[in-house]
Amino acid sequence: MPENLLAIDNGTQSVRALLFDPKGTLLAKQRVPIVPYFSTAPGLAEQKPEVFWNAVCEACQGLWKQGVDKSGIAGVALTTQRSTVLNVDEQGKPLRPAIHWLDQRRTEGLPPVSGLWGLAFRLAGATETVAYLQAEAEANWIRTHEPEIWKNTYKYLLLSGYLTFMLTGRFVDSVGCQVGYIPFDYKSQSWASKSDWKWQAVPMDPHLLPDLVPQGHSLGEVSQKASQETGIPKGLPLIASAADKACEVLGAGALEPNVACLSYGTTATINTTHNRYIEVIPLIPPYPAAEPGEYNLEIQIYRGYWMVNWFKQEFGQREEQMAAELGVEPEMLFDDLVNAVPPGSQGLVLQPYWSPGLRNPGPEARGAIIGFGDVHTRAHIYRAILEGLAYALREGKERTEKRSGVPITELRVAGGGSQSAAAMQLTADVFGIPASKPHIYEASGLGAAMDAAVGAGIHPDFPSAVNDMTHLGETYSPNARAHAVYEELYNDIYLKMYAKLQPFYKKMRQLGLKD
């Protein structure tokens, strides 16, 4: 009886085809790097949809070349980057390039949400937040600036919905993938009701949106055409999973609300899984978890580990060159930089708001580094980046605990940054609680495979899948001395930085000094 699971993970930097067994062991992997996006003007980020699909096909074909037995596969699941959107015609053909989640275009001057909703937002002091959401919505930009494209759009899809169509020929998508500026009701985990304010904020015909399927249920079967292009057996069920962050949380085994999953990726996040709808920040909803009916309470640092890549590009040529000469991974040498500096970076403190937020921080926010002295080197800057990210995520932990009433007692850390032993130790020290890695790096793909395992009947439910398929890797315990240093810096300096600097950020915004 087939019992292995195929997971397709379309991330920002690459597409991976991953084969897992029912115990969560990674049996085979094929990674295909992709160029994340191209830009035709400052702030724009787009990609040709065929780049994603061709990479899916190449990754799957690469698995078969490794000798993977197709007959042993019970089901397929797909997880993708969030908030990348496409307009397609009735045949599913894209009408324009996909707008990438890193795109920064905005549509100003849209009519505000009116009526009782508008009054409610004014009374709650949320009018600016709603206007920000409207301006950020890609659909509003296309409808305003490319009306012919919008007129000819048959379906408006997230990347997950587009790849699902390519695999099955059906305009359907998983509930767990609905993360973006779309009229989705995050509380009921369905398309918004007719009276919901989101239809005013992002006006569109409801028929433009795909049908939704709960996580762990079938989206359809792999079509003949998709089978020919990918090599996946025709008729194999494609089982609904969730967006990459949600799958990462599940793959890390963070199913209980006291266990937080930190994602050290392009966007750094802290997530906890709850069975209650809780807005940690007002008007910012929790997203669908990879388990149906559950919620991921998430706080984001938008350009989280992007800052690490920025540092490597701007200041890390020496380590990159040395790593190539020594035949080792560059991260090993960057860990040496971190370990060369004491906890607290000798008073250098970084606030990682390299991109503005909606609320806490607000749209005026900028990044800052304070405390420079003649002792500081690029190694101090690098460590301060890691510490600043950990401070921001700890602040997210405390916000989550306050709103949910559930103390967070364990950390799971996934994403590229989890491969750094120095970053893992630093995280445990800043939080003051143990930080563990999942047993494999491909936590997002594993979470998708777990959805497939439940959907295909390999495991009876999600707790069983977590018990059998997720295991702890290395665990880092906090160092008491380092934690004491971080306690003072975090409480007495970091938490007070934003309020002190906010007036300057607002003035910069008024002067038109944009990021």
Inset, instruction - Kindly indicate whether the side chain of L157, heavy atoms from C-beta on, has any atom under 4.5 Å from the side chain of D173. - result: no

Inset, instruction - Would you check if the side chain of D196 reaches a backbone N or O of A192 as a donor-acceptor pair within less than 3.5 Å? - result: no

Inset, instruction - Kindly indicate whether the side chain of D89, heavy atoms from C-beta on, has any atom under 4.5 Å from the side chain of L95. - result: yes

Legend entry - Close side-chain approach of N140 to Q134, heavy-atom, < 4.5 Å: yes

Legend entry - Nearest atoms (heavy-atom pairs only) where S174 meets S241: OG-O, 2.7 Å

Inset, instruction - Would you give the length of the straight line joining atom CZ of F184 to atom NZ of K198, rounded to the nearest 0.5 angstrom? - result: 9.5 Å

Legend entry - By side chain to side chain contact (heavy atoms under 4.5 Å, CB included) - contacts of E90 (at least two apart): Y154

Legend entry - Distance, nearest 0.5 Å, that separates CG of D244 from OG of S444: 5.0 Å

Inset, instruction - With sequence neighbours excluded, give me every ring pair (Phe, Tyr, Trp, His ring centres under 6.0 Å) pair touching residues 40-70. - result: none

Legend entry - side-chain contact (heavy atoms from CB on, under 4.5 Å) partner of E138, chosen from V85, V202, T107: V85

Legend entry - Other residues, nucleotides, ligands: >12 heavy atoms within 6.0 Å of R170 CZ: no

Inset, instruction - Answer yes or no: does atom CD of E58 have more than 12 heavy-atom neighbours from other residues, nucleotides or ligands under 6.0 Å? - result: no

Inset, instruction - May I ask you to check whether over 12 heavy atoms, not counting those of L116, lie within 6.0 Å of atom CG? - result: no

Legend entry - K312 atom NZ, neighbour heavy-atom count above 12 within 6.0 Å: yes

Inset, instruction - Could you tell me whether the side chain of N10 reaches within less than 4.5 Å of the side chain of L159, counting heavy atoms only? - result: yes

Legend entry - Non-hydrogen atoms of G180 and S83 that approach each other most closely: CA-OG, 3.7 Å

Legend entry - Side-chain donor-acceptor contact under 3.5 Å, D461 with S464: yes

Legend entry - Closest non-hydrogen atom pair between T164 and L78, with its separation: OG1-CD2, 3.8 Å

Legend entry - Distance in Å, T80 OG1 paired with D9 CG, rounded so as to fall on 0.5 Å steps: 8.5 Å

Inset, instruction - Give, for atom CD of Q189 and atom OH of Y287, the distance between the pair rounded to the nearest 0.5 Å. - result: 13.0 Å

Inset, instruction - Measure the shortest side-chain to side-chain distance between M307 and L389 over non-hydrogen atoms and say whether it is less than 4.5 angstrom. - result: yes

Legend entry - Check: W141 main-chain N/O paired with T144 side-chain donor or acceptor under 3.5 Å: no

Inset, instruction - Using the ring pair (Phe, Tyr, Trp, His ring centres under 6.0 Å) rule, collect all pairs that involve residues 69-98, keeping only residues at least two apart or in two chains. - result: none

Inset, instruction - Please round to the nearest 0.5 Å and tell me the distance separating atom CZ of R106 and atom CG of L110. - result: 10.0 Å

Inset, instruction - List the atom of I8, the atom of L167, and the distance in Å for their closest heavy-atom pair. - result: CD1-CD1, 4.5 Å

Inset, instruction - May I ask you to decide if the ring planes of W306 and W310 are parallel, tilted or perpendicular, using 30° and 60° as cut-offs? - result: parallel

Legend entry - Other residues, nucleotides, ligands: >12 heavy atoms within 6.0 Å of Q224 CD: yes

Inset, instruction - Evaluate the criterion salt bridge (charged side-chain N to carboxylate O under 4.0 Å, His left out) for residue pair E395 and K397; output intermediate values, then yes/no. - result: CA-CA 5 Å; E395 187 177 9; K397 165 187 174 287; over 6 Å; no

Inset, instruction - Evaluate the side chain to side chain contact (heavy atoms under 4.5 Å, CB included) criterion for residues E221 and L236: first the C-alpha distance (whole Å), next the side-chain angles of each, then the deciding distance (0.1 Å), finally the verdict. - result: CA-CA 5 Å; E221 297 180 346; L236 206 61; over 6 Å; no

Legend entry - Polar side chain donor-acceptor pair, T12 to W101, under 3.5 angstrom: yes

Inset, instruction - Tell me yes or no: between the side chains of Q66 and Q30, is some donor less than 3.5 Å from an acceptor? - result: yes

Inset, instruction - Establish, for the pair R143 and Y156, whether the NZ or CZ atom is under 6.0 angstrom from the six-membered ring centre and no further than 45 degrees off its axis. - result: no

Legend entry - Residues N296 and T273: side-chain donor-acceptor under 3.5 angstrom: yes

Inset, instruction - Check whether any side-chain heavy atom of L208 lies under 4.5 Å from a side-chain heavy atom of K155, and answer yes or no. - result: no

Legend entry - Whether R403 side chain and E279 backbone form a donor-acceptor pair below 3.5 Å: yes

Inset, instruction - Return yes if a side-chain donor-acceptor contact under 3.5 Å exists between T153 and N87, otherwise no. - result: yes

Inset, instruction - Please tell me if the side chains of Q178 and L212 come closer than 4.5 Å, counting only heavy atoms from C-beta onward. - result: yes

Inset, instruction - Check for a donor-acceptor pair, side chain of R276 on one end and backbone N or O of S404 on the other, with a separation under 3.5 Å. - result: yes

Legend entry - Heavy-atom closest pair, residues A74 and I458: CB-CD1, 4.1 Å

Legend entry - Sidechain-backbone polar pair: D21 side chain, T25 backbone, donor-acceptor under 3.5 Å: yes

Legend entry - Set of residues satisfying side-chain hydrogen bond (donor to acceptor under 3.5 Å, both in side chains) with respect to Y162, sequence neighbours excluded: none

Legend entry - Residue pairs fulfilling ring pair (Phe, Tyr, Trp, His ring centres under 6.0 Å) with at least one residue in residues 24-49, sequence neighbours excluded: Y37-H100

Legend entry - Exercise: do E248 and S263 side chains pair donor with acceptor under 3.5 Å: yes

Inset, instruction - May I ask you to check whether T84 and R82 show a side-chain donor-acceptor distance below 3.5 Å? - result: no

Legend entry - E298 and its side chain to side chain donor-acceptor pair (under 3.5 Å) partner, picked from T267, N271, T269, T272: N271

Inset, instruction - Step by step, work out the side chain to side chain contact (heavy atoms under 4.5 Å, CB included) result for M450 and V466. - result: CA-CA 8 Å; M450 292 163 69; V466 168; 3.6 Å; yes

Inset, instruction - Could you walk me through whether F311 and V308 pass side chain to side chain contact (heavy atoms under 4.5 Å, CB included), step by step? - result: CA-CA 5 Å; F311 178 88; V308 170; 5.7 Å; no

Legend entry - Under 3.5 Å: donor-acceptor pair, side chain of H217, backbone of A240: no

Inset, instruction - Could you tell me which residues satisfy side-chain hydrogen bond (donor to acceptor under 3.5 Å, both in side chains) with R105, sequence neighbours excluded, listed by chain and number? - result: E46, D103

Inset, instruction - Count the heavy atoms belonging to other residues, nucleotides or ligands that lie under 6.0 Å from NZ of K70, then report whether that count exceeds 12. - result: yes

Legend entry - Donor-acceptor under 3.5 Å (S218 side chain, I239 main chain): no

Inset, instruction - Would you indicate whether the side-chain heavy atoms of L158 and V179 approach each other to under 4.5 Å? - result: no

Inset, instruction - For this output row, return yes or no: ring centroids of Y186 and Y277 closer than 6.0 angstrom. - result: no

Inset, instruction - Can you see which heavy atom on A368 is nearest to which on L501, and at what distance? - result: CB-CD1, 3.7 Å

Inset, instruction - Quick one: sort the Y353 and Y498 rings into parallel, tilted or perpendicular, breaks at 30° and 60°. - result: perpendicular

Legend entry - Side-chain H-bond candidate by donor/acceptor type, S14 with R31, under 3.5 Å: yes

Legend entry - I270 CD1 to I301 CD1 distance, which is reported to the nearest 0.5 Å: 9.5 Å

